[in-house]
Participant: 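Provided herewith is a single structure, encoded as structure tokens, for subsequent inquiry.
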Amino acid sequence: MVRNSLSPDLSRIPQELKNRPQWVCWKVEVRDGKPTKVPVDPRTGGNAKADDPDTWATFNEAVTFYQLHQGNGIAGIGYEFSYYDPYVGVDLDKCRDSETGELRYCAQVILDYLSSYSEVSPSETGVHILVKAEWPLKDGNSKKTPCGMKWEFYGVDRYFTMTGASLEGTPNTIEPRQTKLTSLHRQIFAKAKDSAKAPGTSPTLDLSDQELIEKAKQAANGEKFTRLWRGDIAEYGDDDNRADLALCCLLAFYTQKNAERMDRLFRKSRLMREKWERPDYRERTISKAISDTIEVYTCGHRPPDPDKGNGTGKANSAGKEKGQTSAESQDSPHNGGKKFPEIISAADLEHVIFTEPEYIVPEIIPEGFGLLSARPKKGKTFFALNVSVAKAIGGCALGKKDLLLEPGSVLYIAYEDKNRRVQKRLKTIMQGEAFPKNLYLAESWPQFSDSGLDRLDAYLTENLNTKMVVIDTLGRFKPRKKARDDAYQLDLATGGALGDLAHKHNVCILGIFHNRKAESEDPLDDVHGSTGLTAAADFVMVLKRGRGQADAELFVTGRDIEEQTLALKFHQAEGHWELIGSAEEVGKSQARKDIELIIRENGPMTTKEIANILGINEDTIKSRLYRMKKDNQIKYENGKWWF
């Protein structure tokens with residue numbers, strides 16, 4: 001994860017930071033018996049001040065002073081945060097092993113969540129993360145976690161020591177993360193503050209392991225905990241991995257997400273087996289349980305139900321205190337003594353923290369259930385394989401450098417293309433490069449109604465690093481329609497079930513589908529079958545391409561993404577789809593090129609002559625020509641257009 005040596009590599013610091021005149025140097029002084037990093041003015045050698053820009057300097061000035069005086073007490077350079085820049089720093093202290101570079105689970109989760117420029121601190125035991133966000137954030141900026149890691153948020157009147165020892169696997173750019181930072185800050189500080197004030201609660205957990213186990217056994221769902229603790233996994237279909245994760249979710253709640261204690265307690269249970277000794281499996285399971293758990297144990301909090309999900313962004317009962325009344329929890333004589341479905345007031349909803357949707361391909365393919373639909377032989381399988389390869393290797397999607405994907409495993413279910421044909425396609429795409437290890441292929445899979453959905457659930461539970469599943473084609477996976485089945489309701493239920501599964505495991509499930517023969521004005525009406533699938537899908541992509549043509553349009557729409565139509569180009573020899581840009585802008589550009597070609601071939605021409613050759617309405621051409629004239633692309637004289 002981290003480079004073995006901390007030797008500063010100042011060239012790796014983002015250029016946008018280097019361009020700002022907010023740099024200082026620093027030295028170590030002992031104050032009150034503790035070593036303290038003191039900022040130094042690179043121009044005078046005196047102390048720099050957080051609120052005095054006159055004591056700051058340019059990046060080059062700071063580097064020069066550091067290089068001249070590093071043998072005379074100057075230890076490095078630093079960046080001063082101010083009200084006038086868009087940056088906030090997150091400092092995670094005591095989260096890294098300085099010898100091995102191994103990170104604490106909680107630190108890795110935060111790095112993955114913020115996904116912005118990050119580097120190792122000078123002590124080599126901490127991590128600095130830089131994001132773009134507004135300051136101030138309220139309710140505190142420093143806190144120590146139960147596992148010993150210390151959080152600090154820097155926005156103004158503070159500085160970051162900078163090493164350039166960037167963390168591998170994190171972006172080399174500073175990303176906008178206002179929503180995520182606000183959510184993270186609120187969960188760390190505001191919730192802790194509120195729970196500290198609540199009567200009958202305790203912000204810390206001070207129980208021995210045995211006391212904690214007894215507490216869990218006596219809870220509302222203590223029987224479930226007890227069965228798992230004793231090794232009974234019958235209610236999980238005798239699936240050891242699902243049972244492991246369920247127990248870890250409960251342990252995450254009771255240990256306040258303390259990964260080390262979760263590991264220690266799990267080893268005392270009868271679920272302990274040889275597979276737990278595999279670091280990759282153990283760490284993935286614990287990390288998944290921690291990320292899926294919102295609330296943690298304090299007096300008066302009910303434990304979560306691991307089978308109903310406790311993921312971020314989902315309301316759950318773990319945070320309700322005993323004795324608290326709500327529409328969800330009350331029995332009523334008006335409903336036969338049965339509990340209502342889960343209900344939340346608008347006032348409570350205002351304070352629920354939802355995470356932003358995660359993307360497989362930024363702004364195009366989000367997590368959730370989606371459709372990629374096109375007519376046969378139009379390149380949709382190559383499109384899906386392009387994205388799958390980019391995701392598996394952490395490469396650029398659709399030939400765009402700004403679409404660099406975070407690496408993750410992909411499962412590709414190829415009903416129609418057996419392994420031999422998939423191999424041929426991948427050879428075309430990879431162009432002699434090694435096939436990606438994290439792309440897994442299945443040439444058969446049970447149908448939806450023949451345990452296909454359950455098998456997919458079990459696979460995602462077992463393979464926690466999976467980020468994307470492609471079903472090619474979805475028609476082969478869908479349940480068979482019976483004579484009395486309503487097609488709309490069947491498709492709606494199928495899509496809804498796939499969507500629930502995708503959100504449960506935080507993955508993208510992309511179903512490849514076919515378009516109708518006749519085209520419609522609304523691209524969604526082009527998707528074959530009933531509208532139940534498009535209604536259930538979180539996003540839909542419709543690919544349109546003329547036979548034998550290289551250019552195509554991709555219509556994209558969804559619940560959490562902006563509707564757009566993109567222009568694509570297919571490179572047959574490489575089996576590669578390239579994103580050119582907005583279809584509207586590309587179309588305008590091509591139209592202007594057509595006009596230029598006609599005039600250069602025929603000489604100065606009238607508007608009517610150009611319109612006749614292009615076969616386009618004269619008023620449309622006139623409007624286009626005057627826009628070109630305004631942009632100084634064409635000239636008009638004596639009733640004719642010329643270059």
Side-chain angles (χ1 to χ4, degrees), residues 357 359-361 363-384 387 398 415-416 448 469-500 502 508-570 577 579-588 590 620:
Y359 282 86
I360 301 300
V361 179
E363 309 306 323
I364 299 177
I365 302 180
E367 290 182 352
F369 167 58
L371 296 172
L372 170 61
S373 185
R375 295 281 300 279
K377 310 301 181 185
K378 300 301 179 183
K380 53 185 179 294
T381 295
F382 267 116
F383 182 95
V387 174
L398 305 176
Y415 285 107
E416 297 191 348
F448 181 96
V469 177
V470 179
I471 304 176
D472 187 3
T473 65
L474 187 62
R476 299 282 295 274
F477 179 78
K478 286 174 52 183
R480 301 179 187 90
K481 180 180 177 300
K482 299 178 182 178
R484 296 184 179 181
D485 286 341
D486 180 281
Y488 175 86
Q489 293 296 336
L490 185 65
D491 284 347
L492 187 66
T494 302
L498 286 169
D500 289 343
C508 169
I509 298 178
L510 180 63
I512 310 290
F513 216 52
H514 292 303
N515 277 2
R516 304 174 190 271
K517 290 183 179 180
E519 292 192 358
S520 308
E521 291 186 8
D522 186 343
L524 291 181
D525 291 336
D526 290 337
V527 180
H528 191 271
S530 75
T531 57
L533 274 179
T534 54
D538 294 299
F539 66 97
V540 179
M541 300 184 291
V542 180
L543 181 66
K544 293 187 177 182
R545 176 186 175 215
R547 187 174 296 278
Q549 296 182 356
D551 297 324
E553 290 186 353
L554 183 71
F555 172 78
V556 182
T557 189
R559 294 191 177 98
D560 295 311
I561 58 178
E562 182 180 352
E563 186 172 296
Q564 56 187 319
T565 303
L566 305 172
L568 302 175
K569 188 176 186 66
F570 186 61
W577 279 102
L579 174 60
I580 302 173
S582 162
E584 182 180 4
E585 295 301 322
V586 172
K588 288 179 181 177
Q590 185 60 48
T620 301

Participant: Could you tell me whether the side chain of Thr473 reaches within less than 4.5 Å of the side chain of Tyr415, counting heavy atoms only?
Facilitator: no
Participant: Using a 4.5 Å cut-off on heavy atoms from C-beta on, say whether the side chain of Leu566 contacts that of Ser582.
Facilitator: no
Participant: Report, one line per pair, each donor and acceptor closer than 3.5 Å where one atom sits in a side chain of residues 484-493; sequence neighbours left out.
Facilitator:
unit_1 : atom_1 : unit_2 : atom_2 : d
Asp485 : OD2    : Lys482 : N      : 2.8
Asp486 : OD1    : Tyr488 : N      : 3.0
Asp486 : OD1    : Gln489 : N      : 2.9
Asp491 : OD1    : Lys478 : NZ     : 2.9
Asp491 : OD2    : Ser530 : OG     : 2.6

Participant: Once rounded to the nearest 0.5 Å, what's the spacing between atom OG1 of Thr534 and atom CG of Asp525?
Facilitator: 8.0 Å
Participant: Which pair of non-hydrogen atoms, one from Ala384 and one from Val470, has the smallest distance, and what is that distance?
Facilitator: CB-CG1, 4.1 Å
Participant: Between atom CD1 of Ile364 and atom CG of Leu579, what is the distance when rounded to the nearest 0.5 Å?
Facilitator: 5.5 Å
Participant: Which atom pair, heavy atoms only, marks the closest approach of Phe513 to Gly475?
Facilitator: CE1-N, 3.8 Å
Participant: Determine whether Leu533 and Val527 make a side-chain contact, defined as any pair of heavy atoms from C-beta on separated by less than 4.5 Å.
Facilitator: no
Participant: I would like to know whether Phe539 and Val556 meet side chain to side chain contact (heavy atoms under 4.5 Å, CB included); could you show each step before the answer?
Facilitator: CA-CA 7 Å; Phe539 66 97; Val556 182; 5.7 Å; no
Participant: Check side chain to side chain donor-acceptor pair (under 3.5 Å) between Glu562 and all other residues, then give those that pass, not counting sequence neighbours.
Facilitator: none
Participant: Counting distance only, does the side-chain N/O of Trp577 pair as donor-acceptor with the main-chain N or O of Lys380 below 3.5 Å?
Facilitator: no
Participant: Suppose we screen for side chain to side chain donor-acceptor pair (under 3.5 Å). Which residues come up paired with Thr381, at least two apart in sequence or across chains?
Facilitator: Asp472
Participant: Could you walk me through whether Ile365 and Cys508 pass the side chain to side chain contact (heavy atoms under 4.5 Å, CB included) check?
Facilitator: CA-CA 8 Å; Ile365 302 180; Cys508 169; 3.8 Å; yes
Participant: Hey, can you pull the donor-acceptor pairs under 3.5 Å for the side chains in residues 366-373, sequence neighbours left out?
Facilitator:
unit_1 : atom_1 : unit_2 : atom_2 : d
Ser373 : OG     : His514 : O      : 3.3
Ser373 : OG     : Asn515 : OD1    : 2.4

Participant: Hey, does Leu543 have a side-chain heavy atom less than 4.5 Å from the side chain of Leu568?
Facilitator: yes
Participant: Does any part of the side chain of Phe383, heavy atoms only, come nearer than 4.5 Å to the side chain of Leu554, both counted from C-beta?
Facilitator: yes
Participant: Only counting residues at least two apart or in another chain, list the ones meeting ring-ring contact (aromatic ring centres under 6.0 Å, His included) with Tyr359.
Facilitator: none
Participant: Give the minimum heavy-atom separation between Ala536 and Gly496, together with the two atoms involved.
Facilitator: CB-N, 3.6 Å
Participant: Looking at Ile471, is its backbone amide N or carbonyl O close enough to the side chain of Arg476 to form a donor-acceptor pair, meaning the two atoms are under 3.5 Å apart?
Facilitator: no
Participant: Checking Thr557 now: which residues fulfil side chain to side chain contact (heavy atoms under 4.5 Å, CB included) with it, not counting sequence neighbours?
Facilitator: Leu524, Val540, Phe555, Glu563
Participant: So Leu498 and Leu474, do their side chains get closer than 4.5 Å, heavy atoms only?
Facilitator: yes
Participant: Asp538 versus Asp560: any side-chain heavy-atom pair under 4.5 Å?
Facilitator: no
